[in-house]
Amino acid sequence: MLEIKNLHAKVEGEDIEILKGVNLKVNAGEIHAIMGPNGSGKSTLSKVVSGHPEYEVTEGEILFNGEDITELDADERAHLGLFLAFQYPVEVPGITNKTLLREAYNTIARANDREELDPLEFEDYLIEKLNVIEMKDEFLNRSINTGFSGGEKKKNEIFQMAVLNPKLSFLDETDSGLDIDALKVVSDGVNKIASNDNAIVMITHYQRLLNYIKPDFVHVMMAGKIIKSGDIKLAEELEAHGYDEMQKELALNGEAQ
Amino acid sequence: MSEETKALESMIGEEYKYGFTTDVEYEEFPKGISEDIIRELSTRKGEPEWMLEFRLKAYHAWKEMEEPSWFNATYKKPDFENLLYYSAPKKKPQLDSMDDVDPNIRETYEKLGIPLEEQKMLAGVAVDAVFDSVSVFTSFKEKLADAGVIFCSISEAIKEHPELVKKYLASVVPVRDNFYAALNSAVFSDGSFCYIPKNTKCPMELSTYFRINNMDSGQFERTLIVAEEGASVSYLEGCTAPMYDENQLHAAVVELVALDNADIKYSTIQNWYSGDENGKGGIYNFVTKRGICKGNNSKISWTQLETGSAVTLKYPSVILQGDNSIGEFYSVAVTTKKQQADTGTKMIHIGKNTKSTIISKGISAGQSNNSYRGEVKIGKKAHGSKNYSVCDSMLIGQECGAHTFPYISSQNPSSSVEHEATTSRVGEEQIFYLMQRGISEQDAISMIINGFVKDVLKELPLEFAVEANKLLDVKLEGSVG
Ligand SMILES: Nc1ncnc2c1ncn2[C@@H]1O[C@H](COP(=O)(O)OP(=O)(O)OP(=O)(O)O)[C@@H](O)[C@H]1O
Ligand SMILES: [Mg+2]
């Protein structure tokens with residue numbers, strides 16, 4: 001579904017290279033986890049893949065279902081089924097969650113020649129999706145993320161994911177800021193959304209999340225590169241020894257500079 | 001500048017769609033201002049002696065006054081000697097029906113989306129069409145007359161209803177109020193007059209549509225609205241002008257009088273030509289608008305959507321004289337390119353338990369400068385009075401400016417004044433967020449801006465809400481680069 005080849009990206013108009021040759025392949029039905037120290041480029045990777053204009057791809061390719069999407073605008077990528085649950089969801093005063101989602105849902109439907117939902121049908125559809133993550137309906141009529149608590153914002157991202165039903169979702173530290181109960185509810189929700197037709201890439205600092213959402217692959221990102229990939233055992237290893245030790249070990253084996 | 005900001009700027013720089021000129025033959029009239037010119041103007045209009053005296057008094061007052069310069073805008077001062085103070089299309093003096101209106105002028109209004117034929121008009125809206133210095137047509141006059149409502153050009157009112165005009169003209173904005181009000185009093189050419197009798201709810205929306213066509217003429221219109229005890233009316237003005245490289249002056253005076261239990265709602269959709277991206281041309285919009293809640297329990301509400309003009313200085317105000325009277329000001333001011341707007345309101349609380357609400361939303365883009373200037377004054381006897389003000393500014397791009405100048409003075413400890421102000425930037429992160437959800441850049445920007453202004457636009461009469469949204473879109477939409 002997604003294939004990233006030797007991806008290099010820098011901050012637009014400046015000489016700051018952040019991604020320095022990322023390789024990643026994600027197939028339908030898979031769940032991946034990316035871990036890595038602060039500032040290693042995880043969020044940047046998710047933004048570059050979803051088309052944030054602040055970054056410029058200088059080398060490499062991003063293939064989505066075989067098509068190179070590097071030149072597409074963010075909305076066009078969303079129409080293909082890309083979704084990003086933001087690490088820091090922004091507040092957009094004056095536009096309600098419901099308005100956003102109806103516009104978004106119908107725009108994506110139109111782009112894919114699917115049927116749009118009229119306001120009444122959409123209302124029912126939203127209520128059904130609220131149940132996925134046990135969110136109260138009052139959030140529908142509030143401005144996007146405006147005045148939401150940290151945890152509510154994260155939950156709202158997954159709610160939007162449930163509504164838009166994307167093919168490939170990046171969840172950037174969705175677990176950070178959720179309380180223990182909310183983490184469980186949100187994880188259950190993500191598990192319900194996950195299917196053989198879609199794929200999920202979770203970015204996280206905590207192994208705890210991986211107990212709830214079981215990844216098929218775990219990757220470690222450092223200094224703008226994925227330096228090691230494996231299964232869930234890799235996460236356990238990290239939890240026990242930290243990034244420093246892993247980097248030293250890799251250096252000894254000549255796998256990283 | 002990032003891609004997003006560039007796209008935003010290009011959207012906002014959308015071409016002005018009302019910039020065409022109408023080819024009409026004008027009556028000859030000399031340029032400049034003097035006693036003779038004013039006499040000539042008054043004669044042309046067939047005015048009674050008292051009106052000429054009013055004008056001459058105003059002219060002499062104006063000559064002694066200084067052009068103000070305290071506001072947050074810089075511009076080339078108008079050359080008052082080189083202006084044309086009267087510009088009337090050559091046509092029969094008395095228009096009896098639509099057919100008497102110059103077909104070119106009729107077509108102009110048609111192009112502007114204001115058909116003058118009653119059957120084509122928005123149902124429930126009566127229109128007074130002012131072309132340069134004169135009112136060319138007023139619709140639905142008979143229907144309104146049945147309800148006892150007088151709606152006509154001010155020139156006609158001066159002749160037909162002199163007792164009303166004499167009583168109220170300059171009763172809210174005195175001749176010497178300010179430089180431009182004095183000038184207007186001396187040379188005003190036309191405008192609208194509305195009189196709503198006792199306990200009458202005006203059966204239609206009233207509206208005046210102002211069009212400056214002649215390049216050399218200034219437009220000095222005068223509007224007077226009087227709502228008697230228990231009367232209510234909703235009035236809307238719209239304005240556009242052709243694109244000229246020279247600046248044109250528009251200096252109107254609007255006066256509203258609300259007696260006991262009366263209610264006046266005055267809405268403006270201002271879309272004068274605002275000049276090009278280098279700041280060349282455009283209208284100077286220097287108007288004085290003031291209402292007085294003279295009676296107890298009366299209410300005056302100003303709603304404005306200001307999108308045009310090169311320079312705007314405008315402070316629609318309410319004098320809350322009657323006990324329990326209410327003043328409201330809802331404003332959206334959009335500035336783009338090199339536009340400069342210094343606008344806001346004054347709420348003068350005199351009576352007991354008077355209330356005022358101010359909601360001002362400023363949007364600045366390009367290299368424009370958008371200032372809110374508001375004064376809330378609570379007098380000694382205004383026991384239990386309240387004011388609530390919100391002034392929000394939204395910036396688009398890095399080169400524009402937004403400023404807020406609130407002046408508050410209260411001489412009554414039992415009263416309260418509340419002021420909130422915010423400034424935000426249309427964030428690239430917000431646009432990216434919406435785009436990530438599948439929404440196009442243009443729609444994302446539109447949604448953010450509409451979200452910002454909706455508290456004000458919902459105050460516009462229903463018939464014009466659509467119009468206002470369209471205008472905002474014209475101003476803010478366009479090709480995404
Ligand atoms: N627009 C930018 N301008 C300058 N530096 C940037 C910009 N965007 C990202 N960076 C830098 O790139 C590096 C990677 O940032 P990124 O947000 O991707 O890290 P991360 O792996 O998500 O970290 P965390 O775990 O703390 O969320 C950081 O050092 C960050 O400061
Ligand atoms: Mg991050």
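Within every chain, numbering begins at 1; the chains are lettered A, B, ... in the order of the sequence lines, protein sequences first and strands thereafter. Computed from a predicted model, the values in this text were never measured in an experiment.
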Taking atom CD of B:E429 and atom NE2 of A:H52, what is their separation to the nearest 0.5 Å?
3.5 Å
Below 4.5 Å, heavy-atom pairs only: which of A:Y105, A:Y88, A:F83 has the largest tally toward chain B?
A:F83
Against chain B, label A:E76 side chain, backbone, both or neither, depending on which of its atoms sit under 4.5 Å from a heavy atom there.
neither
I'd like to know whether CD of A:E61 has more than 12 heavy-atom contacts from other residues, nucleotides or ligands below 6.0 angstrom.
yes
Does some side-chain heavy atom of B:D443 sit less than 4.5 Å from a side-chain heavy atom of A:T107?
no
Just wondering, do A:T99 and B:M447 contact through their side chains at under 4.5 Å, heavy atoms?
yes
Can you say whether A:L100 sits under 4.5 Å from chain B via the side chain, the backbone, both, or neither, judging by heavy atoms?
both
Which atom names give the shortest non-hydrogen contact between B:I448 and A:I95, and what distance separates them?
N-CD1, 3.7 Å
Distance in Å, B:R437 CZ paired with A:H79 NE2, rounded so as to fall on 0.5 Å steps:
12.5 Å
Looking only at atom types and distance, does a side-chain atom of B:Q430 sit under 3.5 Å from a main-chain N or O of A:E91, one as donor and one as acceptor?
yes
With a sphere of 6.0 Å drawn around NZ of A:K20, does it hold more than 12 non-hydrogen atoms of other residues, nucleotides or ligands?
yes
With distance as the sole test, does B:Q436 use its side chain to make a donor-acceptor pair with the main-chain N or O of A:L82 at under 3.5 Å?
yes
Turns out that what part of A:L84 lies under 4.5 Å from chain B's heavy atoms comes down to both
Ignoring hydrogens, what is the shortest heavy-atom contact between B:F432 and A:A74? Give both atom names and the distance.
CE1-CB, 3.7 Å
What part of A:N106 gets within 4.5 angstrom of chain B, counting heavy atoms only: side chain, backbone, both, or neither?
neither
Taking everything shown except A:K153 itself, do over 12 heavy atoms lie less than 6.0 Å from its NZ?
yes
Answer with side chain, backbone, both or neither: which region of A:L80 has an atom nearer than 4.5 Å to a non-hydrogen atom of chain B?
neither
Is the CD atom of A:E71 crowded by more than 12 outside heavy atoms at less than 6.0 Å?
no
Above 12 or not: heavy atoms from other molecules or residues under 6.0 Å from NZ of A:K192?
yes
Which answer fits A:S50, side chain, backbone, both or neither, if we ask what part of it has an atom under 4.5 Å from a heavy atom of chain B?
both
Please work out which of the three classes, parallel, tilted or perpendicular, describes the rings of A:F86 and B:Y433, given edges at 30° and 60°.
tilted
